[in-house]
There are 2 protein chains.
Amino acid sequence: MTRYYNGYEQHLVALDCIVFGFDEGELKLLVLKRKFEPAKGEWSLMGGFLGKSESLDEAACRILSQLTGLSNIYMKQLLVFSDVARDPGARTISVAYYALIKIDENDRLLAETYGAEWVPIKQLPPLIFDHSQMVEKALEALRRRTSREPIGFELLPVKFTLPQLQSLYESICGELLDKRNFRKQILETGLLVKLDEKEKESSKKGAFLYKFDHNKYNSYVEKGFLFQLKVKSGHIIKGNNSLQV
Amino acid sequence: MTRYYNGYEQHLVALDCIVFGFDEGELKLLVLKRKFEPAKGEWSLMGGFLGKSESLDEAACRILSQLTGLSNIYMKQLLVFSDVARDPGARTISVAYYALIKIDENDRLLAETYGAEWVPIKQLPPLIFDHSQMVEKALEALRRRTSREPIGFELLPVKFTLPQLQSLYESICGELLDKRNFRKQILETGLLVKLDEKEKESSKKGAFLYKFDHNKYNSYVEKGFLFQLKVKSGHIIKGNNSLQV
DNA sequence: AGCCACAAGTGTAAAAGATACACTTAAAAA
DNA sequence: TTTTTAAGTGTATCTTTTACACTTGTGGCT
């Protein structure tokens with residue numbers, strides 16, 4: 001096939017996936033102990049190599065599904081890392097992808113089956129090579145994208161409560177948000193459907209479940225509507241029954 | 001060197017540069033007629049291949065400088081294009097970069113020397129392969145980034161007038177802006193330095209020249225300041241001496 | 001049965017920011 | 001001297017964002 005472009009260098013093209021999940025009110029990352037040399041046994045992202053007859057998007061899906069059994073996952077290309085010496089095993093370039101996973105929906109044990117582990121993002125161990133940089137960049141991208149597109153829902157179960165959603169946004173942007181303002185804003189989009197069920201795990205009163213209306217969102221997008229969540233300057237919420245006279 | 005990772009496919013890694021310039025009040029793109037097969041003679045972006053001992057950023061700079069003589073240019077990685085059949089010449093993946101150039105500063109003839117041409121973005125000819133898609137994505141990225149970072153200045157000469165700057169922003173976002181609001185907003189940042197000189201090409205009165213204060217910007221950024229230009233819903237400006245009773 | 005503890009849920013007023021808008025000024029050309 | 005052209009300037013209205021505190025529902029405890 002390579003009739004043209006003779007004489008140019010060929011390269012190993014790796015892929016690494018930054019896999020985000022949200023569980024127990026925390027943003028988490030899926031990491032695993034590397035099973036081969038070099039750096040065998042150290043913590044790393046999920047990775048693999050680009051094959052002959054697949055696009056990068058296809059390869060990213062393949063790798064994620066081989067290593068976790070998951071499919072039909074939100075994935076996005078992030079950035080290529082290409083320092084000449086980034087991987088001591090060989091000269092490789094690595095295309096980083098990030099993925100958003102609904103942890104609840106999938107068997108939480110699945111990860112362990114494959115030797116992977118969900119680690120809170122605040123307690124990440126050191127990762128091999130430039131993987132920590134990749135995580136850093138992925139977090140920035142996630143923050144940016146979250147405020148422009150309704151991708152937060154990819155991290156929650158199909159049915160979720162508003163307190164859950166708020167907590168998710170707070171974990172992503174690293175700031176507390178005002179409950180009333182948050183609700184007002186998110187409900188104003190008209191994209192959430194209130195269900196008749198309540199979730200009662202996290203409180204006695206229970207919180208109503210909602211669904212995100214993908215169809216409505218898509219038709220809005222076609223009409224030029226822009227999802228925008230102003231998740232900027234949150235503040236510590238005070239004055240909640242902390243004083244009693 | 002490749003002691004590890006044996007048996008994995010190697011790939012040709014191309015780079016393509018979307019080179020933006022701003023001239024005669026228009027956003028322009030640098031394109032050239034391809035000098036080799038396949039698709040010889042057709043319009044394409046500037047491209048090349050990743051070498052053995054260079055990072056992608058280095059390669060992108062090298063390619064731009066080989067093909068235009070320019071160096072010290074703002075460049076940013078955009079996205080990798082990797083469809084299996086994207087290039088009929090061979091299976092390649094291509095990392096797209098976009099660059100912002102101050103056309104005035106550099107010899108405008110330079111382009112021609114190298115067989116390249118500045119084409120207004122609204123009159124782009126069809127480009128080979130997936131290059132038109134790349135341009136599309138680059139424009140989106142430029143629009144997004146322009147509103148979050150002061151990169152517009154990379155497209156203007158070091159000294160510029162406010163009408164020039166406004167016209168640049170209008171070309172990028174594709175909408176007319178209100179003169180007074182634009183000036184207020186951009187001057188409020190405190191990042192423009194008014195000079196004592198006037199530029200008198202485009203009007204009899206002449207417009208004052210300004211410089212962008214990079215140092216100040218950098219120190220602001222360290223303090224957490226965020227550049228934000230709200231360049232959203234512009235409108236057609238009416239009422240300017242168009243009626244005379 | 002009643003009380004307590006806990007998180008869910010709800011509205012409004014003040015402040016900040018964005019928008020719309022029209023005339024004056026400077027200087028070259030006629 | 002007049003005309004023409006684009007540069008330059010301020011304010012009032014509207015919209016959006018922010019700050020803020022009490023009531024409700026329910027399970028568990030006594």
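Every value quoted in this text rests on a predicted model; they were computed, and no experiment measured them. Basis for what follows: all heavy atoms, side chains included, without hydrogens, waters or symmetry-related copies. Order of the sequence lines fixes the chain letters, A, B, ..., with proteins taken first and strands second; residue numbering starts at 1 for each chain.
- Rounded to an integer number of Å, the gap from CD1 of B:I186 to P of C:dA18 is 13 Å.
- Residue-to-nucleotide proximity on DNA chain C shows that, of A:L162 and B:G206, the 5′-proximal contact is made by A:L162.
- Spacing between atom CD of A:Q185 and atom P of D:dT15 amounts to 18 Å, rounded to whole angstrom units.
- The separation between B:Q164 atom CD and D:dA6 atom C1' is 13 Å, rounded to whole Å.
- Rounded to an integer number of Å, the gap from B:E188 CD to C:dG17 C1' is 9 Å.
- Put simply, CG on A:L165 is 13 Å from P on C:dA8, counting in whole angstrom units.
- A:K194 is linked by a salt bridge (Lys or Arg N to Asp or Glu O under 4.0 Å) to nothing, counting only residues two or more places apart in sequence or in another chain.
- Contact annotation for B:S202: backbone-only contact, meaning every heavy-atom pair under 4.0 Å involves sugar-phosphate atoms and none involves a base.
- The salt bridge (Lys or Arg N to Asp or Glu O under 4.0 Å) search around A:R143 returns none, not counting sequence neighbours.
- Taking atom CD of residue B:E201 and atom C1' of nucleotide C:dA29, one finds them 17 Å apart after rounding to whole Å.
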Under 3.5 Å, N/O pairs linking protein and nucleotides 27-30 of chain D:
unit_1, atom_1, unit_2, atom_2, d
D:dG27, OP1, A:K200, NZ, 3.3

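- One interatomic measurement links the two molecules: CZ of B:F182 to C1' of C:dC21, which rounds to 18 Å at whole-angstrom precision.
- As rounded to whole Å, 14 Å separates atom C1' of D:dT18 from atom CD of A:E175.
- Legend: residues meeting salt bridge (Lys or Arg N to Asp or Glu O under 4.0 Å) with B:D57, ordered by chain and number and at least two apart, are absent.
- Checking side-chain atoms of A:D130 against main-chain N and O of A:Q133 turns up no donor-acceptor pair under 3.5 Å.
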Report task. Heavy atoms under 4.0 Å is the rule here; annotate nucleotides 9-14 of chain D 5' to 3' with B where the base is hit, S where only the sugar-phosphate is, and - elsewhere. Result -> BBB---
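- Note: A:F153 and A:F212 have parallel aromatic rings, judged against thresholds of 30 and 60 degrees for the angle between ring planes.
- Here B:K159 pairs with B:E197 in a salt bridge; the nearest charged N to carboxylate O distance falls below 4.0 Å.
- Between B:Y98 and B:Y74, the ring planes lie tilted relative to each other; the angle falls in the 30° to 60° range.
- Side-chain N or O atoms of A:K216 include one that pairs as donor or acceptor with a backbone N or O of A:G190 at under 3.5 Å.
- Legend: residues meeting side-chain contact (heavy atoms from CB on, under 4.5 Å) with A:E140, ordered by chain and number and at least two apart, are A:E136, A:K137, A:R144.
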